[in-house]
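Written below as C-alpha cells is the structure these notes are about.
Given the structure is predicted, the values throughout are model-derived calculations rather than measurements. First the proteins, then the strands, lettered A, B, ... as listed; each starts at 1.
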Amino acid sequence: MSPAPLLQLRQLVKNYGGVRALRGVDFDLHAGEVHALLGENGAGKSTLIKIVTGAHQPDGGTITLAGETVTALTPATARTLGIACIYQQPALFPDLTVAENLALRLEPAAAGRRVDWPARRTRARELLARLGAAIDPEAEVRSLSMPEQQLVEIACALGSGARIVIMDEPTASLTQKEQHLLFAVVRELRQSSVGVIYISHRLEEIFALADRVTVLRDGQSVGTHPVSAINEAGLIRLMVGREVSQIYPASESVAREVVLSLRGVGCAASGVHAVSFDVRAGEVFGLGGLVGAGRTELARVLFGLTPADAGEITLNGQRVTLPSPQAAVAHGIAYVPEDRRRHGVVLELPIAHNMTMAIHRHLFPHTWLRFGAERGLAREFIRDLAVKCSSPDAPGASLSGGNQQKVSLARWLATKPKLLILDEPTQGVDVGAKSEIHKIVRRLAKDGLAVILISSDLPEVIGLSDRIGVMGGGTLRAILPGQSDPHVVMSAALGTAEKGAA
Amino acid sequence: MTNSVKRDWKSVLLSHEMLLLYVLVAEWLFFFFAGTTTNRRGVIVGFGTLDRQFDILRHSCEIGLLALALTPVIITAGIDLSVGSLLGLCAILFGKLWHDGGLSLPLAAFLTLGIGTLAGGLNATLITALRLPPLIVTLGTYSLFRGLAEAITHGAITYTDFPASFLFLGQERWLGLPAQAWLFLLVAVAVWLLMHRTTFGRGFRTIGFSPEGARYAGLPVGRRLALVYMLAGFIAAVAAIIYTARLGQAKADAGTGYELFAITAVVLGGTSIFGGSGSVHGTLLGVAAIAVLKNGLACLPVVMRLNAAEEMSGLLTGALLLLALTGSVLPKMLSTFRAHRHAAQPPSPSPSS
C-alpha cells in the first residue's frame, strides 16, 4: 500500500491479572482510510483503544506511528502525536460554551495569560465550519443535542491536528437523520487524509462507511478485509468462529409449568419495549444480545428497579405489578445483578450478612438477629457452593470475583425463589469458578427453578440455555432453541437475521 | 464492631472503642489527681467529688441523647443538623402546651414526643421522597425549627414555674443516680439493641455502606431512612423534656449548638461520617470523653485562675477529634502507600516483539 501507515500495531499483548485481553493483535491504519473494528463483547476492542490512546500500557508488541516506533505511550503523548478518541458519551463541560470547551482542549494552559476572546471565537467558528456544522460557538454545550456535542468533540480532534480519530460506537444514541450527518463528517475527515478507526456493532454502517474492516475475536485479529470483498455472513463467521465446546453440562431438566409470562412489557424510561416470552419451571432461558441490547434493562424491570409502564407480567398464572424490588422479592423473583461489586455484594459487610440480606424477614421473624442461625446458614451455602473464604465473618471485599459471585448467588438462593435472573454471572470470573457456576445453574434448573440467564458470552448462553431469547434495541428479536448455531444467534443479535446468515 | 475479620484479643484491645476507653480513663485519672483540691475549711472540692461526677452525668444527658439520635443517622451516611433546634422547639411547645394550653404535664410530654417525631418525619420526607441531600434539608430545618421557637415566644417568653414533681426528673436523684440518667440509660440501651441486635440496625448499616447495594438486596431503603430521622426527632423531644426539667424553664434558645457537640461525640466514638461503620457504645464513650474533658478542665486550678475553661475545652475537644480522625485513617493510608510503592516497581513488562 501507500508509504508508511499512520498507525501500525504488531503482536500487541495485554493481560489483566490472569485474563488475556489481547494476545497478538495486528492492525494497520492508513491516511485517508476509514477502518472498521468489529468483534463480540469482550473480543478486545476497548482494550485496543485504551492502548492506542495511551490509557493502558501493552505487555508486549509494538506500536508504530507514521514509521516511528513508540514506547511508553501516555494519554498526553498520544494527544500530541495526533491521536484523538470520540466516545459515545461526549466528555464536554455542559455549562461552558462551545468556544470555551474547544479552548480548554486546544489552548496551552498558562497562568496569568489574557484570554483572547475574539481569537477563541474565530477558531471555534472555523473548526465547526470545516465540519459543515451549524453550531453557534457561543452556545452552551448543555443546549446542544447529542450529535452536535459529538461534532464539537470532532472539532476538538481536528483543532488539535489529529491524524488518527477513533470513534467508539458513535451512532449508538443517534437518530437516522443525525447518523447521516455524522457519516458526512466522517467522509469529510477521510477527504482531509485523517485515518479513522470506526467501531460499531451495526454491520450496515460498516458497509456504508468503511474502507476496510478488521475482526477481533478472543483478543486476536482474525482477519482484515476490504469491505468490498466481504459480506455480512462472512463477517459474522469471522466474529463467531469457534464451535460451542462440549464443556457445558448437558441439560437434563424437563420444562414444566409456566412461571413467568411477559406480554408486550415495556418501560419507556429504560428503553425496553414490547417484550413477550414465557419462562417455564426447570428451564434455563438465555438472553443473548450485544451490550446495550436492553437485557439488563429488562431484568431491572422484572426486579422492580425500573417498573414496567406497559404490558402484562404474569407470575404463576397470576397477573402482577412489580413496583419495587420488595414486591419482586415477595413474588419469588431473585436477581443476581451484573455489577457484583456495586450491587451484588456489600463489600464491607461479612459474607454471612451478605448471604442473609434478602431473607431478614424469614430468618429473623421477630426482627431480633440470630447470629447462630445466620452463621449456620452461611456455612451451609459456603459448603454447597464451594465458596473459598476464611470464615463466614470475612468481609465480601476479601473474596475473589468468582467467590463474590457465589455469595451474591447464595443471597438469592436463600430466598427460595421461583424465578432466578442471572445477569452476566461469569463476567470477570476465572475459568474454574466459571465452570462451577455453570454446574450450579444447571443443577438449579434441574431442581425445578425457572432461570433467566443474561450473558454476553455467546458460547455460554448457547451451551447453557434450553431456549435463547435474542434481544436488540430494547426488544426481543428472536427466540431460538438451545444449542443453536452461534452464527444464527449472532445474526439475530445484529438484526440481520432476515438476510439469512451462515 | 461486628464487621470484623477475626476477633482475636489483639484486635479487640486495639479497636477504636477500646482506645477511646483508655483515653477516657487516662483523662479521668488526670483530672482526679490534678483537679481535686481541699479548700480552707478542709472540705474536698473539685473533680474528685461524687457531686461533681453526678453533675457531669447530669449535664451530659441532653447532648448524650442527641448523640444517640445521630448515631443511626450517621451510620446510614446521613446527617441531621436540626436536632439542636428541634430540642428548642420541643421545649417551647412542651411549655406552651402545659402553660397556655392547660394540659397536664404527662399529656403535654406525650404530645411533645409526637411533635418531635413528626418534625423528624418532615426531614425524612424531604430526604427520601424528594431525594434532597440530608445536609441541606436539615440545614434548612435547623433554621426553621429555631425560627418557629423564636416566633412562638416572640423571642421573649420563657415558661417557668414547673411543679416540683416534674423538676425531680432534672434535678433530683433516684436510686442513687440523677433521675434523668435513668432515662438516658434506657434510651441508650434501646438504641444499642436497635443498632446491634435487630434487622433494622443491620439495614441501616447496609444502607450506609452501599445504598444501591441495599436496594438491589430488596431492602426498603426509603422506609429505613425515614425511620432513622423520625427516631432522631423523637429522641430530640425526649432531650427537650429533660432539658426543661433540669433548668426549670423552657426557652427558645434551648440546645443551641448542641448538634455540633453531638456530632463530635458520634465521630469521636468511631462512627464513620461516610456511613456504615460505627457503634452505639462508641458514641457513649465519645460523649463521656468530651464531658469529662470539659468539666475536668473547669476544675484545674490553672484554668480557674485564667478563667478559660470554655476556651480550653473547645480547643482540646477539637484537638481530640482531629487526633481520633487522623488515627482512624492513618493505618489505611499507610497500607495504600505501601501498596503503591509495591506497584511502582513491578516486574517491568518490556515492550518487545
Provide the closest heavy-atom pair for [X] versus [Y] in the form atom of the first, atom of the second, distance.
X        : Y        : result
A:Pro325 : B:Gly218 : CB-CA, 4.0 Å
B:His196 : A:Phe371 : O-CZ, 3.8 Å
B:Thr206 : A:Leu349 : OG1-CD1, 3.5 Å
A:Gln326 : B:Leu219 : OE1-O, 3.7 Å

Legend entry - Atom group of A:Ser324 that falls short of 4.5 Å from chain B, counting heavy atoms: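 Neither part.
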Inset, instruction - Would you sort out whether B:Leu193 and A:Trp368 count as a side-chain contact (heavy atoms from CB on, under 4.5 Å), showing the intermediate values? - result: CA-CA 9 Å; B:Leu193 288 174; A:Trp368 297 108; 4.1 Å; yes
Legend entry - Residue among A:Arg361, A:His360, A:His366, A:Met357 satisfying side-chain contact (heavy atoms from CB on, under 4.5 Å) with B:Thr199: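 For B:Thr199, the side-chain contact (heavy atoms from CB on, under 4.5 Å) test succeeds with only one of A:Arg361, A:His360, A:His366, A:Met357, which is A:His360.
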Legend entry - Close contacts, residues 407-420 of chain A versus chain B, judged by heavy atoms under 4.5 Å: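 Listed by number, the contacting residues are A:Arg411, A:Trp412.
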Inset, instruction - Can you check whether anything in residues 299-307 of chain A gets within less than 4.5 Å of chain B, heavy-atom wise, and list it by number? - result: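 Contacts with chain B: A:Arg300, A:Phe303, A:Leu305.
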Legend entry - Atom pair CZ/OG1 of A:Phe364 and B:Thr198 - distance to nearest 0.5 Å: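 Rounded to the nearest 0.5 Å, the CZ-OG1 separation comes to 10.5 Å.
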Side-chain donor-acceptor contacts of residues 126-140 of chain B below 3.5 Å, not counting sequence neighbours, with atom names and distances?
{"residue": "B:Thr128", "atom": "OG1", "partner": "B:Ala124", "partner atom": "O", "Å": "2.8"}
{"residue": "B:Thr138", "atom": "OG1", "partner": "B:Leu81", "partner atom": "N", "Å": "3.1"}
{"residue": "B:Thr138", "atom": "OG1", "partner": "B:Pro134", "partner atom": "O", "Å": "2.8"}

Inset, instruction - Evaluate whether atom CZ of A:Arg375 has more than 12 neighbouring non-hydrogen atoms of other residues, nucleotides or ligands under 6.0 angstrom away. - result: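 Not more than 12 within 6.0 Å, no.
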Inset, instruction - Might you confirm whether atom CZ of B:Phe274 has over 12 heavy atoms from other residues, nucleotides or ligands at distances under 6.0 Å? - result: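 No, CZ of B:Phe274 has 12 or fewer neighbouring heavy atoms, counting only those of other groups under 6.0 Å.
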Solution key, residues 334-345 of chain A side-chain donor-acceptor pairs under 3.5 Å, sequence neighbours excluded:
{"residue": "A:Tyr335", "atom": "OH", "partner": "A:Asp423", "partner atom": "OD2", "Å": "2.8"}
{"residue": "A:Glu338", "atom": "OE1", "partner": "A:Thr296", "partner atom": "OG1", "Å": "3.2"}
{"residue": "A:Asp339", "atom": "OD1", "partner": "A:Arg341", "partner atom": "N", "Å": "3.4"}
{"residue": "A:Asp339", "atom": "OD1", "partner": "A:Arg342", "partner atom": "N", "Å": "3.2"}
{"residue": "A:Arg340", "atom": "NE", "partner": "A:Gly401", "partner atom": "O", "Å": "3.3"}
{"residue": "A:Arg340", "atom": "NH1", "partner": "A:Gln427", "partner atom": "O", "Å": "3.2"}
{"residue": "A:Arg340", "atom": "NH2", "partner": "A:Gln427", "partner atom": "O", "Å": "3.4"}

